J.: 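If you scroll down you'll find the structure; I have some questions about it.
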Amino acid sequence: MGLYEDLTRRGLIAQVTDEAEISKMINAGKATFYIGFDPTADSLHVGHFMALCLMKRLQMAGNKPIVLIGGGTGMIGDPSGKSDMRKMLTPETIQHNCDCFKKQMSRFIDFGEDKAIMVNNADWLMSLNYIDVLREVGACFSVNKMLTFECYKQRMERGLTFLEFNYMIMQSYDFYMLFQKYGCNMQFGGDDQWANMLGGTELIRKKLGKDAHAMTITLLLNSEGKKMGKTEKGAVWLDPEKTSPYDFFQYWRNVGDADVIKCMKLLTFIPIEDIEEMERTLQGAELNIAKEKLAYSLTELVHGKEEADKCLEAAKNIFGGGGNSADMPSTEIPAAELEDGAIGILDLLVKTKLAPSKGEGRRLVQQGGISVDDVKITDPNAKIALDNEVVIKKGKKVFHKAVKA
RNA sequence: GGAGGAGUUCCCGAGUGGCCAAAGGGGGCAGACUGUAAAUCUGUUGCUUUUCAGCUUCGAUGGUCCGAAUCCAUCCUCCUCCA
């Protein structure tokens, strides 16, 4: 089975400009393709992860990836799919974020000799001359046509600044530049990027009379149509400092039944045959097997085998009974903060960040949501003796260890 | 540039002098039910406090008043119509 067929079967491909041509090119490892990343935060998150996986798959098949960091376009902000204007980032922040991206990506992509390159569009966008751009590129875009695109339609209601309106032109220009400088003949991106990407292929055709291709990846949506990889606390990050491997693992362990198989297909490198087999055979509670595989596999990809093993082990210990584990998240409590070797339950909850305030902690206790070493705590004034360590359980599935230090 | 309108808690959105820490909905958290799922039902949802109560919060800053989200002034931001 060719790469393209595998991608199709996994449901990764959303839209393509020329199926036959693209399929032929990537199966043969002839594509030089790029994916753009806007440096809006100092870590990649799950939303970027699919793109990284795709790059990896393609690279393994011999294609050459170009990672385009949007140091220049990041200064504008993509209006697609956003209801409000994004706040502008300072050049310093953008630079910092770019650096962080680079570091994280090298885990997935082999940047070895001629294998892949990383470029920053600030390198050419920043020095552009307004008049030149208008003459050279501006003439190729029809405002009438742009305004008919879905991504702008929504914003026509709420207002769209000229700044944001230009995002598409910048992105098209990127493709045009990459095509000329590196022979980049294909662009990949999220499905919400389709219009922007087509802008690039058209610009190349108009300016150079050559064909370039674009392909979009299915957006990772859950069964309710919401973007995945977001929690109330924010995005699920790939940076272990921002989202601990344990939390990362648990996020995937807890996806809804309806989403497990889809996530496996889209995100993991588990052979498609195996996934389809699971899809056929696993029913109801058995899906937990698949969830565990999903969580393990992704944690392994992002944080390495060692961490993944730890997370799996921790989960087994915690949820399989026992309720103790060396690898559950923990907080050290300095001995100096103990009174007679004990600490008030509310203080403990706040210290371990299980509750943001004492008031909320009190509520949790009163509603029966807190256990310490498997003993339910019902008195907000309870003192917890901390000889060595205790395991605090909040709700059904949040475990945390407090260790005397 | 001119004329109007709007800014309320995580989000949407009520509230036009005291009964307002502020209706309702969404979201979140917890409980029941379960499979670490979904759906449903219940409770809860500014901070401190056992209680009483205190403190901070309705775009910003000043003011009127015993008392202001609510009235006045100035400023900031956004929207609509006209140019």
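Computed from a predicted model, the values in this text were never measured in an experiment. The figures here come from the full heavy-atom set of this structure, side chains too, leaving out hydrogens, waters and symmetry mates. Per chain, numbering begins at 1; letters A, B, ... match sequence-line order.
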J.: What's the gap between B:C79 and B:A30 when it is taken at their P atoms, as a whole Å value?
T.: 39 Å

J.: Does B:U40 pair with anything, Watson-Crick or G-U wobble, both distances under 3.5 Å, and if so, with which nucleotide?
T.: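 Answer to the pairing question: B:A32, which forms a Watson-Crick or G-U pair with B:U40.
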
J.: Looking only at atom types and distance, does a side-chain atom of A:N121 sit under 3.5 Å from a main-chain N or O of A:D174, one as donor and one as acceptor?
T.: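 Flag not set: sc A:N121 to bb A:D174 has no pair under 3.5 Å.
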
J.: Write down the partner of B:C52 under the Watson-Crick or G-U wobble criteria, each distance required to be under 3.5 Å.
T.: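 Base partner found: none.
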
J.: Could you tell me how far B:G15 sits from B:C19 if I compare only their C1' atoms? Round to whole Å.
T.: 14 Å

J.: Between B:U80 and B:G63, how far is it from one P atom to the other, in whole Å?
T.: 36 Å

J.: Closest-nucleotide mapping onto RNA chain B: is A:P356 or A:R253 further toward the 5' terminus? I mean the 5' end.
T.: A:R253

J.: Have a look at A:E286 and say if it touches a base, only the backbone sugar-phosphate, or nothing, with a 4.0 Å heavy-atom cut-off.
T.: nothing

J.: Is B:A21 paired to anything, Watson-Crick or G-U wobble with both distances less than 3.5 Å, and if yes, which nucleotide?
T.: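 Paired with no nucleotide.
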
J.: So, does A:R10 use its side chain to make a donor-acceptor pair with the main chain of A:T268 at under 3.5 Å?
T.: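 Pair found, side chain donor or acceptor close to backbone of A:T268.
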
J.: From B:U36, B:U49, B:G35, pick the nucleotide closest to the side chain of A:A315?
T.: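 Closest nucleotide among those given: B:U36.
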
J.: Take atom C1' in B:G62 and the same atom in B:A68, then report the distance between them in whole Å.
T.: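 Taking atom C1' in both B:G62 and B:A68, they lie 14 Å apart.
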
J.: Test your reading of the model: is there a side-chain donor-acceptor pair from A:K207 to the backbone of A:E136, 3.5 Å cut-off?
T.: yes

J.: To the nearest angstrom, how far is A:R363 atom CZ from B:G31 atom P?
T.: 13 Å

J.: Should B:G4 form a Watson-Crick or G-U wobble pair with both distances under 3.5 Å, which nucleotide is its partner?
T.: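 By the stated definition (distances under 3.5 Å), B:C79 pairs with B:G4.
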
J.: Rounding to a whole Å, what distance do you find between A:N254:CG and B:C29:P?
T.: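 Rounding to the nearest Å, CG of A:N254 and P of B:C29 are 11 Å apart.
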
J.: Please measure how far the P atom in B:C58 lies from the corresponding atom in B:A32, and state the result in whole Å.
T.: 39 Å

J.: For A:Y296, does the six-membered ring have the charged nitrogen or CZ of A:K305 within the cation-pi criterion, i.e. under 6.0 angstrom from the centroid and within 45° of the normal?
T.: no

J.: OP1 or OP2 of B:G46 less than 4.0 angstrom from a side-chain nitrogen or oxygen of A:S357, does that happen here?
T.: no

J.: What nucleic acid atoms does A:K291 come within less than 4.0 Å of, heavy atoms only: base, sugar-phosphate, or nothing?
T.: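 It contacts base atoms.
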
J.: B:G5 and B:G54: how far apart are their C1' atoms, nearest whole angstrom?
T.: 39 Å

J.: Report the C-alpha separation of A:I217 and A:I13 in whole Å, then their side-chain angles, then the decisive distance to 0.1 Å, and conclude whether the side chain to side chain contact (heavy atoms under 4.5 Å, CB included) test is met.
T.: CA-CA 5 Å; A:I217 320 166; A:I13 297 173; over 6 Å; no

J.: Rounded to the nearest angstrom, tell me the gap between atom CD in A:Q366 and atom C1' in B:U49.
T.: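 A:Q366 atom CD is separated from B:U49 atom C1' by 12 Å.
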
J.: Between A:F249 and A:H303, is the ring centroid distance below 6.0 Å?
T.: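 Between A:F249 and A:H303, the centre distance exceeds or equals 6.0 Å.
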
J.: Does A:Y173 have any side chain to side chain donor-acceptor pair (under 3.5 Å) partners at least two apart in sequence or in another chain, and if so, which?
T.: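 Applying side chain to side chain donor-acceptor pair (under 3.5 Å) to A:Y173 gives none.
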
J.: B:A83 and B:C11: how far apart are their P atoms, nearest whole angstrom?
T.: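 Result for the P pair: 37 Å, nearest Å.
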
J.: Tell me the interatomic distance from A:K293, atom NZ, to B:G35, atom P, rounded to whole angstroms.
T.: 21 Å

J.: Rounded to whole angstroms, how far apart are CG on A:D259 and P on B:A38?
T.: 10 Å

J.: Has the side chain of A:E360 got a donor or acceptor atom sitting under 3.5 Å from an opposite partner on the base of B:U44?
T.: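 By the distance-only test, no, there is no pair.
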
J.: Measuring only the P atom in each nucleotide, how far is B:A73 from B:G4? A whole number of Å is fine.
T.: 14 Å

J.: If each of A:Q367 and A:K397 is mapped to the nucleotide of RNA chain B with the nearest heavy atom, which maps nearer the 5' terminus, i.e. the 5' end?
T.: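 That would be A:K397.
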
J.: What is the pairing partner of B:A69, taking Watson-Crick or G-U wobble pairs with both distances under 3.5 Å in any strand?
T.: none

J.: Which part of the nucleic acid, if any, lies within reach of A:V260 when heavy atoms closer than 4.0 Å are counted: base, sugar-phosphate only, or nothing?
T.: nothing

J.: Rounded to the nearest angstrom, tell me the gap between atom NZ in A:K358 and atom P in B:U50.
T.: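 Roughly 8 Å, once rounded to whole Å.
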
J.: Is the distance from OP1 or OP2 of B:U36 to the nearest side-chain N or O of A:K316 less than 4.0 Å?
T.: no

J.: Just the rounded figure in Å: distance from P of B:A37 to OH of A:Y251.
T.: 14 Å

J.: According to a strict under-4.0 Å criterion, is A:K396 in side-chain N/O contact with OP1 or OP2 of B:A30?
T.: no

J.: When the distance from CD1 of A:I318 to P of B:G35 is rounded to whole Å, what number comes out?
T.: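 Atom CD1 in A:I318 sits about 20 Å away from atom P in B:G35.
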
